[in-house]
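Worksheet: one structure, shown below.
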Amino acid sequence: MNLGDDLYKEIILDNYKAKKYRRRMDDADISREGANPSCGDDIELFVRLNGDRIEEVTYDGAGCSICLASANMLCTALTGRTLGEARALFDQVRSMLTDADVPDFPEYASDLEAMQGVKAFPVRVKCAMLAWSTLKQVVDEHGAAVG
Amino acid sequence: MPSARTLPLNVSELRTEFPVLSRAMRGKRLAYLDSGATSLKPHSVLEAERAYYEQLSANIHRGVYEFSERATILYDEARTKAAGLINAAAAREVIFTRGTTESINLVGYSWGRKFLKPGDEILTSEFEHHSNIVVWQEVAKATGAVLRFFPLLPHAEGLDTEQLEAAFSERTRLVAITGMSNVTGYKPPIGRIAELAHERGAVVLVDGAQMACHEPVDVQALDIDFLAFSAHKMCGPTGIGVLYGRESLLEAMDPFLYGGDMIERVWKDRSTYAQLPEKFEAGTPHIAGAIGFGAACDFVQDVGLENVAAHERELLEYCVARAEARDDITIYGGTNTEDRGGIFSFNFADVHAHDVGMILDSHGVAVRAGFHCAQPLMRVLGVAGTTRASFYMYTDRSDIDALFDGLDAVRKIFL
């Protein structure tokens, strides 16, 4: 194994292949599209809220394994969490990928550490960030309204 | 058909001319398969640029001293070499630009916006790089001209040559067409297209970014009006390229950029402009780049562009045969290697092109992944992107073997 192969850790590949949360949601309260025009990643997030709690979050779209695995991991981590928790997790994921910060994820989100290796490949950081950046827009717009 | 002068290239000897090829990438032997994006540079080109900066450094034209005069001579010689490369009738038909994109923009601004009228038609194709579509969309917007497209064969295996003529109308004023697709390597029948265009009084611009570097091009024999190409895809420096234009057209056009060097006389309220080619070269040009480009013209002509074309053809046949022997590769542009340059675009099973590219990278294989500045063609192909391996004179079979070894690694990880 080497650096490149190593990036594709089992957790990332499992999330990419599992597609547990990869589906459109008909009764979503919010849907939001996000795209990376330079590489063609194109996803849509669907969120169903109960007050400020995310009851269900799913995604659909096309993208590379890093992008889609990251979206699947986001859904796994945030199902049942509040918008405030989602926002805090976004900050941690971003600083893990763009600064040198060592993440300190809560137990329910510890799988996200598998994405740390992406940092070594700057062109792929935006793939890993796409679902999270899209989520941040949702939180920014709806966090205040329900909060 | 390779000409009688075609010789097998001594690739292993040629490779020693390119310093980057002696470097490892990700700790592996570098298999550079991205020459469609930019070619590697040989010692002679690097030396020519360095010698200018080290020994002269002076600006060209009006310097009244030896070093400036010497720099001017080298700059002019580069233009003569570029004109010779494409058999232009005169060196003044060669305008130095920053590259293919700027060359096409120059024609868009100085010819398109001046001469196109509402309802006039610009004929192009879905094979084009964005630089040969977006410019014309903007010209159409500004002038009221209309963009039309040549019909394609199924699966984008080429232009539908039976419908070439039908694509023209009485209003066709410009054909803007690639000499070779940067996605599939397909080479449209430029000579025939120019014939049809000229029968109707239309002007022909060829995007030669992928063409001029891979095969001999003769603008007079092809009878084309404009040819745009870049030095950096043919062993030369980045930041310099050529617009070839038929003299009568260049004369009729207005300048593109205004300022120093392109004027004849300047008063407070008006100016007159220089003759060709200075009319289109405002400001201090990329002198070192032009001199390096001149060295690149010498280099590719020494190697022989017919030899390069034959070598790439042989590599493409080898590559396609290896791909066809597997069940996990979709080839774009067809498997016919006629009318094709050394470009191999594919997808690997249902794995995203960026994942393929990234694993290949970790094996020392440099490819390009994505839509290759050709989104309209991606739509025709029905894909978000492809992985592209592209060849040049220094590419050898071990590079292609490394590609397929890398794909075995992709298979292990993803399938």
Side-chain angles (χ1 to χ4, degrees), chain A residues 1-19 22-23 33-44 59-73 97 114-134, chain B residues 24-31 34 37 130 134 183 332 345 347-388 402-403 405-415:
Chain A
M1 290 295 256
N2 55 47
L3 200 59
D5 295 348
D6 213 28
L7 173 65
Y8 294 92
K9 285 182 194 300
E10 262 176 47
I11 292 177
I12 293 182
L13 279 178
D14 286 351
N15 272 278
Y16 170 59
K17 289 177 182 169
K19 304 173 182 175
R22 188 172 175 180
R23 59 173 184 273
E33 288 177 57
N36 284 327
S38 63
C39 62
D41 291 336
D42 196 346
I43 64 158
E44 190 168 0
Y59 70 98
D60 196 21
C64 65
S65 61
I66 305 291
C67 168
L68 296 182
S70 180
N72 204 64
M73 290 163 89
L97 289 172
M115 281 284 167
Q116 258 191 102
V118 175
K119 195 166 51 191
F121 301 90
V123 294
R124 303 302 293 275
V125 167
K126 61 184 184 318
C127 306
M129 280 304 297
L130 181 61
W132 290 95
S133 307
T134 310
Chain B
M25 186 171 80
R26 308 272 186 218
K28 301 279 166 54
R29 174 191 180 275
L30 170 64
D34 199 20
H130 292 163
V134 181
V183 177
Y332 298 104
S345 254
N347 271 319
F348 186 82
D350 63 349
V351 182
H352 193 280
H354 281 102
D355 290 319
V356 174
M358 187 144 182
I359 290 167
L360 291 176
D361 162 54
S362 70
H363 290 260
V365 180
V367 296
R368 193 143 289 252
F371 50 71
H372 314 297
C373 292
Q375 289 182 10
L377 187 60
M378 294 297 120
R379 279 189 204 101
V380 173
L381 295 171
V383 295
T386 72
T387 304
R388 182 188 77 179
L403 168 68
D405 290 347
L407 291 177
D408 288 335
V410 177
R411 191 179 179 94
K412 262 183 219 139
I413 291 168
F414 278 96
L415 304 187

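Note that this is a predicted model, so its numbers are computed, not measured. All heavy atoms count here, side chains included; hydrogens, waters and symmetry mates do not.
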request  = Please look at Asp41(A) and chain B and tell me whether the side chain, the backbone, both or neither of the residue comes under 4.5 angstrom of a heavy atom of that chain.
outcome  =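 Contact with chain B involves the side chain of Asp41(A) alone.
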ask   = Taking atom SG of Cys67(A) and atom NE2 of His354(B), what is their separation to the nearest 0.5 Å?
value =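 That separation rounds to 11.0 Å.
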ask   = Hey, what do you get for CD1 (Ile413(B)) to OG (Ser65(A)), rounding to the nearest 0.5 Å?
value =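 Output value for this atom pair is 9.5 Å.
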query = Ignoring hydrogens and geometry, is there a side-chain-to-backbone donor-acceptor pair from Arg124(A) to Met358(B) under 3.5 Å?
reply =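 The answer is no, because no donor-acceptor pair under 3.5 Å joins these two groups.
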ask   = Within the side chain of Asp355(B), is there an N or O that forms a donor-acceptor pair under 3.5 Å with the backbone of Cys64(A)?
value =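 Such a contact is absent between Asp355(B) side chain and Cys64(A) backbone.
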key: Minimum-distance pair of heavy atoms, taken over all atoms of Tyr16(A) and Asp350(B)   =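 Heavy-atom minimum between the residues: OH-O, 4.1 Å.
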Enumerate donor-acceptor pairs with a distance under 3.5 Å from any side-chain N or O in residues 364-380 of chain B to protein atoms, sequence neighbours excluded.
unit_1: Arg368(B); atom_1: NE; unit_2: Asp34(B); atom_2: OD1; d: 3.3
unit_1: Arg368(B); atom_1: NE; unit_2: Asp34(B); atom_2: OD2; d: 3.0
unit_1: Arg368(B); atom_1: NH2; unit_2: Asp34(B); atom_2: OD2; d: 3.1
unit_1: His372(B); atom_1: NE2; unit_2: Gly370(B); atom_2: O; d: 3.2
unit_1: His372(B); atom_1: NE2; unit_2: Thr386(B); atom_2: O; d: 3.2
unit_1: His372(B); atom_1: NE2; unit_2: Thr386(B); atom_2: OG1; d: 2.8

